[in-house]
Enquirer: 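Take a look at this one; I'll ask things after.
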Amino acid sequence: MKQSVELDLDIGSEHIVIQRRYEALGAFNDPLIAVWFLIGSFFFLTDSLVESGTWLFIAGSAQLIIKPLIKLTSLIHVGKVALSNSNEG
């Protein structure tokens with residue numbers, strides 16, 4: 001069994017604030033994805049709403065792309081803060 005080792009650098013309260021903002025953004029994004037797909041699914045039950053349902057599926061799919069971008073942006077942002085803090089010390 002493979003074990004992973006996590007390295008957590010303490011770069012102060014700025015790190016916590018940045019990380020929590022990105023986590024909040026992700027927490028807001030995830031339920032919206034579910035809402036678009038759920039409503040879109042119901043729209044597929046009625047012929048007149050199929051086109052609207054398709055657009056909701058497209059919106060949900062776009063937000064699925066945004067999800068890893070939020071994580072990547074968070075990692076880059078925190079990395080820059082860590083780098084600037086290490087250069088100050």
Enquirer: Can you tell me how far apart CG (Leu56) and CD (Glu51) are? Round to the nearest 0.5 Å.
Expert: 11.0 Å
Enquirer: Any side-chain heavy-atom pair from Lys71 and Tyr22 closer than 4.5 angstrom?
Expert: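 No; the side chains remain at least 4.5 Å from each other.
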Enquirer: Could you list the donor-acceptor pairs under 3.5 angstrom formed by side chains in residues 33-47, with sequence neighbours left out?
Expert:
unit_1	atom_1	unit_2	atom_2	d
Trp36	NE1	Gln63	OE1	2.3
Ser41	OG	Phe37	O	2.7

Enquirer: Quick one: does any side-chain atom of Thr73 pair with a main-chain N or O of Leu69 as donor and acceptor, under 3.5 Å?
Expert: yes
Enquirer: Can you measure from CD1 (Ile18) to CD (Glu23) and round to the nearest 0.5 angstrom?
Expert: 12.0 Å
Enquirer: Return the set of residues passing salt bridge (Lys or Arg N to Asp or Glu O under 4.0 Å) with Lys67 (not counting sequence neighbours), or none when no residue passes.
Expert: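 Partners of Lys67 under the salt bridge (Lys or Arg N to Asp or Glu O under 4.0 Å) test: Asp30.
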Enquirer: Please determine whether residues Ile66 and Phe57 belong to a single hydrophobic cluster, defined as Ile, Leu, Val, Met, Phe, Trp and Tyr linked transitively by side-chain heavy-atom distances below 4.5 Å.
Expert: no
Enquirer: CZ/Arg21 to OG/Ser74 distance, rounded to the nearest 0.5 angstrom?
Expert: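 The distance works out to 12.0 Å.
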